[in-house]
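Structure, as structure tokens:
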Amino acid sequence: YEKMFDIDQEAKNKTVILTFHGVMLKAKVYLNQAFLGEYISGYLPFSIDVSGIVKAKDNRLVVIVDSHEDNTIPPFGGVIDYLTFGGIYREVEIEVKPNIYLERVLVNADQSGKLLIHHHLAGNRSLSYEISHKLLFKDEVIKEFTSGEIIVDNPHLWSLETPHLYTLLSTLKTTSGTDLVITKFGFRSIRFDKSGFYLNDKRIKLVG
């Protein structure tokens with residue numbers, strides 16, 4: 001695969017991430033004649049920091065894909081009875097981030113309304129930054145806060161009958177720009193015990 005592309009001038013002196021959302025199975029990636037490594041994808045995405053290699057104009061991206069089955073890499077190894085597709089089968093994108101950014105945001109919300117947020121940073125962690133959150137339900141802002149733990153009174157619970165979802169907007173502000181991560185989640189509690197599986201203290205019979 002070969003692709004020529006340009007990027008916005010605003011990406012200068014910022015973090016530039018190249019993300020492949022699905023390649024079956026292995027990929028050797030080259031950008032502007034620089035070898036960026038070999039990656040295993042399959043059903044999973046992978047990202048590469050191309051800061052300092054990407055340029056404003058006439059970038060040349062080359063990807064060599066190996067679609068042979070590999071018994072050491074799922075889904076192969078005799079666990080499936082069909083042939084998989086090959087090649088780059090999902091989107092490829094360029095993201096421009098500040099020099100410190102939110103790599104991912106993890107949310108844990110239980111039926112009592114307790115909301116825990118864990119954020120993972122990437123980039124130059126020596127830079128100063130601020131993180132703030134907005135919690136939305138049906139596009140309406142419920143709360144705005146900066147802490148990693150809050151209580152939501154009487155949350156609309158996620159269940160099989162009413163799969164209510166909330167939206168968390170996490171914004172990182174730094175001198176090199178802002179970064180936004182959007183997370184969809186539901187308030188629910190799950191547990192297993194000797195009598196079975198429980199969702200929000202209601203026993204659910206699992207089939208399958």
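The side-chain hydrogen bond (donor to acceptor under 3.5 Å, both in side chains) contacts involving residues 22-39 comprise K26-D70, N32-N59, where partners must be two or more places apart or lie in separate chains. Residue pairs meeting the side-chain hydrogen bond (donor to acceptor under 3.5 Å, both in side chains) criterion with at least one partner in residues 73-88, sequence neighbours excluded, do not occur; the list is empty. Each ring-ring contact (aromatic ring centres under 6.0 Å, His included) pair with one or both residues in residues 136-165, not counting sequence neighbours, appears once here: H133-F145, F137-H156, F137-H164, F137-Y166, H156-H164. For residues 11-23, the side-chain hydrogen bond (donor to acceptor under 3.5 Å, both in side chains) pairs, not counting sequence neighbours, are T19-S47, H21-E93.
The nearest pair of heavy atoms linking G113 to P155 is CA-CG, 3.7 Å. In terms of heavy atoms, I80 sits closest to F76 at CD1-CD2, 4.5 Å. Between I150 and S147, the shortest heavy-atom distance links the atoms CG2-OG, 3.6 Å. Annotation for L115 and A109: closest pair CD1-CB, 3.9 Å, computed over non-hydrogen atoms. Closest heavy-atom contact between S51 and D49: OG-OD1, 2.7 Å. Considering every non-hydrogen atom in both P98 and T174, the closest pair reads CB-CG2, 3.7 Å.
Residues satisfying the side-chain hydrogen bond (donor to acceptor under 3.5 Å, both in side chains) test with N124, not counting sequence neighbours, are S126. R125 pairs by the side-chain hydrogen bond (donor to acceptor under 3.5 Å, both in side chains) definition with nothing, not counting sequence neighbours. The side-chain hydrogen bond (donor to acceptor under 3.5 Å, both in side chains) search around T178 returns none, not counting sequence neighbours. In terms of the side-chain hydrogen bond (donor to acceptor under 3.5 Å, both in side chains) criterion, T146 has no residue partners (sequence neighbours excluded). Applying the ring pair (Phe, Tyr, Trp, His ring centres under 6.0 Å) criterion to F197, with sequence neighbours excluded, gives F192. For Y89, the ring pair (Phe, Tyr, Trp, His ring centres under 6.0 Å) partners two or more places apart in sequence, or in a different chain, are F85.
At distances below 3.5 Å, at least one donor-acceptor pair connects side-chain atoms of S159 with backbone N or O atoms of T162. Side-chain atoms of R191 never come within 3.5 Å of backbone atoms of N200 as a donor-acceptor pair (strictly under, hydrogens ignored). Using modelled atom types, one side-chain atom of S67 and one backbone atom of G87 make a donor-acceptor pair closer than 3.5 Å. Although no hydrogens or angles enter the test, the distance criterion places no donor-acceptor pair under 3.5 Å between the side chain of T167 and the main chain of L136.
When hydrophobic residues (I, L, V, M, F, W, Y) are linked wherever their side-chain heavy atoms come within less than 4.5 Å, L106 remains an isolated member. I17 belongs to a hydrophobic cluster with Y101, counting contacts under 4.5 Å between side-chain heavy atoms of Ile, Leu, Val, Met, Phe, Trp and Tyr, direct or through other members.
Between F185 and I117 the shortest side-chain heavy-atom distance does not fall below 4.5 Å. Here the side chains of T171 and I131 are not in contact, with every heavy-atom distance at 4.5 Å or above. At a threshold of 4.5 Å between non-hydrogen side-chain atoms, the residues I64 and D66 do not count as touching. No side-chain heavy atom of L172 sits less than 4.5 Å from a side-chain heavy atom of S170. The shortest side-chain heavy-atom distance between L168 and I182 does not fall under the 4.5 Å cut-off. Counting heavy atoms from C-beta on, the side chains of R188 and Q111 never come closer than 4.5 Å. The shortest side-chain heavy-atom distance between V96 and D8 does not fall under the 4.5 Å cut-off. Residues F46 and V23 have side chains in contact (heavy-atom distance under 4.5 Å, counting atoms from C-beta outward).
The hydrophobic clustering, which links ILVMFWY residues whose side-chain heavy atoms are closer than 4.5 Å, places L44 and V65 apart. By the rule that hydrophobic residues join a cluster once side-chain heavy atoms approach within less than 4.5 Å of another member, L25 and V63 end up as members of separate clusters. Transitive grouping of hydrophobic side chains (ILVMFWY, heavy atoms separated by less than 4.5 Å) brings V107 and L121 into a common cluster. Hydrophobic clustering places L165 together with L199 (ILVMFWY residues linked when any side-chain heavy atoms are closer than 4.5 Å, directly or through intermediates). V62 and F20 fall into different hydrophobic clusters, defined by Ile, Leu, Val, Met, Phe, Trp and Tyr side-chain heavy atoms under 4.5 Å apart, directly or through other members.
Atom-to-atom distance recorded for H120:NE2 and E103:CD is 8.0 Å, nearest 0.5 angstrom. I7 contributes atom CD1, which lies 8.0 Å from atom CD of Q9 (distance to the nearest 0.5 angstrom). Expressed to the nearest 0.5 Å, how far NZ of K97 lies from CG of L180 amounts to 8.0 Å. To the nearest 0.5 angstrom, D193 atom CG is 9.0 Å from R203 atom CZ. For the atom pair L157 CG and D201 CG, the distance stands at 10.0 Å (nearest 0.5 Å). Rounded to the nearest 0.5 Å, atoms CD1 (I73) and CD1 (I40) are 3.5 Å apart.
Salt-bridge formation is not detected for the pair D58/R60: no Lys NZ or Arg NE/NH1/NH2 atom is positioned less than 4.0 Å from an Asp or Glu carboxylate oxygen. Using a 4.0 Å cut-off between charged side-chain N and carboxylate O, E161 and K202 make a salt bridge.
More than 12 non-hydrogen atoms from other residues, nucleotides or ligands lie less than 6.0 angstrom from CG of L160. By the 6.0 Å contact criterion, NE2 on H68 is open, its count of non-hydrogen atoms from other residues, nucleotides or ligands being 12 or less.
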TODO: I would like to know whether V141 and L135 meet side chain to side chain contact (heavy atoms under 4.5 Å, CB included); could you show each step before the answer?
DONE: CA-CA 6 Å; V141 177; L135 181 64; over 6 Å; no

TODO: Apply the test side chain to side chain contact (heavy atoms under 4.5 Å, CB included) to residues K114 and F187: give CA-CA distance (whole Å), side-chain angles for both, the deciding distance (0.1 Å), then the verdict.
DONE: CA-CA 8 Å; K114 185 177 181 179; F187 284 89; over 6 Å; no

